[in-house]
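One structure is given here, and the rest of the page talks about it.
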Amino acid sequence: MAPLRPLVFAHIGDLHLTEADAQNARDLHAIVETLDGVEGIDFAYLPGDNAENGRPEQYALVRAALDRLRLPVHVVMGDHDMESGSLAPFYAGLGVPRLPYAADVSGVRCLFLDICGSGSGGPDFRLGADQIAWLRAALSAAEADGRDVALFMHSYPADLKGEGEAALISDLVARSRVRLVEMGHTHYNEIANEGRTIYAAARSTGQIEEGPVGFAVAAIDAGIVSWRFHPLAAGWPLVLVTAPADRRLVHDAAQAVGAETEIRALVLGDAPIAECRCSIDGGPWLPMTRPDGERCHRARLAWPPDARGITVRATDARGRTAEDRVEPARDAACIRHSEAPGSDADAIGAWPERGLLGTQLGPNRNGRHW
């Protein structure tokens with residue numbers, strides 16, 4: 001049996017870099033230093049609005065920081081990257097592959113889109129006919145290959161301005177194996193669950209309107225999506241329960257727990273993990289183990305009929321402790337049925353333990369005063 005290796009990536013929110021001595025540039029370097037050398041992460045993701053004005057000297061600041069990061073990095077563009085009316089400085093300054101493109105990572109097909117290049121600058125998000133054809137073919141290929149899909153773009157499909165594009169892309173996503181759409185643009189942490197696909201956006205790094213600076217960690221584990229924002233000041237370790245699915249993120253009846261369930265948890269840090277345990281509803285702490293070659297600690301437990309939640313707690317070799325908690329679903333009753341797919345209409349609201357404040361403080365069309 002092949003080792004279980006969920007897709008795991010770190011999302012560094014919109015940078016909006018301007019000058020080397022600005023706070024957001026210093027924060028980016030701090031994030032890079034924090035992530036560098038940590039095992040268990042497949043790549044870092046930048047969701048666009050990398051350079052505040054799309055200027056070459058601003059991209060040079062981004063590139064200088066990323067050159068210090070040993071993780072692979074995937075970057076898409078945002079409306080600020082298109083401010084000059086051209087993406088030439090974006091590609092020349094960052095040296096990233098031309099979008100769109102696909103990459104298979106830890107068993108998941110990752111698709112990276114350009115929703116800005118066909119626009120006219122500003123928040124004029126469009127895909128264009130060629131990219132829509134590419135996406136349709138890529139989703140069909142993933143279906144034929146039995147691959148789950150993670151889709152990376154700057155904003156919700158509902159924000160697309162091309163004629164009919166918003167409805168078309170939302171429908172393509174809803175009828176495909178896309179488990180997670182990972183975005184920027186909002187400037188605040190938000191998760192929407194439309195009953196089949198999870199949409200997640202992480203807080204801006206460069207223009208923060210809510211909460212502290214940090215980064216998000218997301219995982220797809222056998223189709224189950226987990227996500228949390230990790231403030232820089234929190235330090236290591238970080239615990240993320242990747243199975244079972246939390247009731248707020250369930251999107252498949254098979255993700256409900258039965259009489260027996262396997263608990264899996266990702267533990268990230270800069271020191272070896274000395275101990276990892278789990279507890280059902282505050283009961284006894286039960287040991288979890290990490291088999292050779294696997295990323296997650298695991299334990300198989302009987303699940304009491306009246307159980308509500310499980311907490312995983314990890315302690316590293318330096319004595320530092322962190323934990324995460326999920327509330328599994330017992331049946332499919334909590335699966336959502338969306339009436340407005342591809343938008344924030346299905347936002348799950350506040351979840352402070354995962355960094356979701358529910359504030360919506362940001363400049364996008366759904367944002368509140370900031």
Side-chain angles (χ1 to χ4, degrees), residues 10-35 44-69 73-96 99 112-117 119-125 152-156 159 182-190 200-216 229-232 355 357 359-370:
H11 176 142
I12 304 172
D14 304 20
L15 300 176
H16 292 280
L17 291 196
T18 54
E19 299 176 349
D21 60 351
Q23 184 62 51
N24 53 5
R26 294 197 296 269
D27 288 340
L28 173 58
H29 282 278
I31 291 172
V32 165
E33 183 177 354
T34 299
L35 289 173
Y45 166 59
L46 272 59
D49 286 355
N50 307 285
E52 172 68 4
N53 310 109
R55 290 161 48 182
E57 62 270 24
Q58 295 169 349
Y59 289 118
L61 298 177
V62 180
R63 186 71 264 169
L66 297 183
D67 283 344
R68 299 174 50 229
L69 185 62
V73 180
H74 294 278
V75 186
V76 301
M77 64 286 287
D79 46 294
H80 282 258
D81 296 303
M82 189 65 178
E83 188 170 292
S84 69
S86 170
L87 290 174
F90 169 86
Y91 284 114
L94 298 183
V96 296
L99 285 97
F112 300 89
L113 297 182
D114 165 15
I115 68 170
C116 300
S120 57
D124 182 19
F125 302 132
F152 298 85
M153 54 195 293
H154 183 60
S155 189
Y156 282 104
D159 292 333
E182 192 75 11
M183 308 164 297
H185 189 61
T186 61
H187 287 216
Y188 48 83
N189 294 333
E190 182 171 76
R203 177 181 304 152
S204 169
T205 300
Q207 295 177 355
I208 299 176
E209 288 82 46
E210 56 145 41
V213 67
F215 53 90
F229 188 83
H230 188 63
L232 266 178
L357 304 184
T359 57
Q360 288 187 266
L361 299 181
N364 70 317
R365 68 179 179 86
N366 306 313
R368 298 170 182 162
H369 180 71
W370 60 298

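All values below were derived from every heavy atom in this structure, side-chain atoms included, with hydrogens, water molecules and symmetry-related copies excluded. Nothing fancy with the numbering, it's 1 onward along the sequence.
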Legend entry - Working for side chain to side chain contact (heavy atoms under 4.5 Å, CB included), residues Gln207 and Asp14: CA-CA 8 Å; Gln207 295 177 355; Asp14 304 20; over 6 Å; no

Legend entry - Residue pair Tyr156, Met183: steps toward the side chain to side chain contact (heavy atoms under 4.5 Å, CB included) verdict: CA-CA 7 Å; Tyr156 282 104; Met183 308 164 297; 3.6 Å; yes

Inset, instruction - Run the numbers on Ile31 and Leu232 for side chain to side chain contact (heavy atoms under 4.5 Å, CB included), then give the verdict. - result: CA-CA 7 Å; Ile31 291 172; Leu232 266 178; 3.8 Å; yes

Inset, instruction - List the steps and the verdict of side chain to side chain contact (heavy atoms under 4.5 Å, CB included) for Asp114 and Leu87. - result: CA-CA 10 Å; Asp114 165 15; Leu87 290 174; 3.8 Å; yes

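Atom NE2 of His154 sits about 7.5 Å away from atom CG of Asp81, to the nearest 0.5 Å. Put simply, CG on Leu69 and CG on Leu35 are 6.5 Å apart, with the number rounded to the nearest 0.5 Å. If you take CZ on Phe125 and CE on Met82, they are separated by 11.5 Å, rounding to the nearest 0.5 Å. Once rounded to the nearest 0.5 Å, the distance linking CZ of Phe90 with OG of Ser84 reads 12.0 Å. Atom OG1 of Thr18 is separated from atom CG of Leu61 by 8.0 Å, given to the nearest 0.5 angstrom. For the atom pair CG of Leu66 and CG of Leu28, the computed distance is 6.5 Å after rounding to the nearest 0.5 Å.
In terms of the ring pair (Phe, Tyr, Trp, His ring centres under 6.0 Å) criterion, residue partners of Phe112 (sequence neighbours excluded) are, by chain and number, His74, Tyr101, Phe152. The side-chain contact (heavy atoms from CB on, under 4.5 Å) check on Ala200 picks up Leu180, Glu182, Ile191, Trp227, with sequence neighbours excluded. Under the rule for a ring pair (Phe, Tyr, Trp, His ring centres under 6.0 Å), the partners of His80 that lie at least two apart in sequence or sit in another chain are His16.
For Gln58 and Asn53, the side-chain atoms include at least one donor-acceptor pair closer than 3.5 Å.
Proximity of Val62 to Leu46: side-chain heavy atoms (C-beta onward) are separated by under 4.5 Å at one or more points. Within the 4.5 Å cutoff, no side-chain heavy atoms of Asp159 are placed close to those of Pro123.
Within a 6.0 Å sphere centred on CD of Gln23, other residues, nucleotides and ligands contribute more than 12 heavy atoms.
His11 and Pro47 get closest at one heavy-atom pair: NE2-CG, 3.3 Å. Across all their heavy atoms, Pro231 and Pro212 have their closest contact at CB-CG, 3.8 Å. The minimum heavy-atom distance linking Ala25 with Ala20 is given by the pair CB-O, 3.5 Å. Nearest heavy atom pair, residue Met77 against residue Asn50, reads CA-ND2, 4.3 Å. Of all the heavy atoms in Val213 and Phe229, the pair that sits closest is C-CZ, 4.1 Å. In terms of heavy-atom proximity, Tyr59 sits nearest to Gly93 at CB-CA, 4.0 Å.
For the pair Asp79 (side chain) and Asp49 (backbone), a donor-acceptor distance under 3.5 Å is absent. Within the 3.5 Å criterion, the main-chain N or O of Gly13 finds a donor-acceptor partner in the side chain of Thr205. With hydrogens and angles ignored, the 3.5 Å screen pairs a side-chain donor or acceptor of Glu210 with a backbone N or O of Asn189.
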